[in-house]
Amino acid sequence: MNAISSTAASLPISLMSDPTQAPASQQPEALAKQFESLFVSMLVKEMRQSSGSEGGLFPGDSSDTYGGMFDMFMGQHIAEAGGIGLAESIREAVLKQGSYGR
């Protein structure tokens with residue numbers, strides 16, 4: 001399983017739901033926030049994995065499972081708490097193009 005499909009498989013239902021079911025005024029915002037959450041999760045994963053193999057944050061056989069859950073929830077939390085500015089930039093770009101929903 002590649003990194004993208006394993007990440008998508010671990011996403012909670014709220015992130016995997018169809019964002020087109022949201023009200024039209026919230027669709028670009030919902031998509032941008034979901035993207036930012038996934039992007040931040042992947043950043044956290046790379047930072048955690050680069051910290052070294054001498055025990056790391058979650059030592060032991062189950063470290064990949066706990067580490068993956070940590071990455072996912074930290075990404076969600078950071079995105080919900082205001083994020084890193086990526087969601088706002090994406091939302092503005094989509095609205096500026098006026099091509100959303102076509």
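To the nearest 0.5 Å, the span separating NZ on Lys33 from CG on Leu86 amounts to 11.0 Å. Between Ile78 atom CD1 and Phe73 atom CZ the span is 13.5 Å, to the nearest 0.5 Å. Taken to the nearest 0.5 Å, the CD atom of Gln27 stands 11.0 Å off from the CG atom of Leu95.
Using modelled atom types, no side-chain atom of Glu36 and backbone atom of Gly83 make a donor-acceptor pair closer than 3.5 Å. A donor-acceptor contact shorter than 3.5 Å links the side chain of Ser41 to the backbone of Ser37.
Partners of Glu88 by side chain to side chain donor-acceptor pair (under 3.5 Å), not counting sequence neighbours, listed by chain and number: Arg91. By the salt bridge (Lys or Arg N to Asp or Glu O under 4.0 Å) test, Glu80 is found to be paired with no residue, residues two or more places apart in sequence or in another chain being considered.
Counting heavy atoms from C-beta on, the side chains of Asp71 and Arg48 come closer than 4.5 Å.
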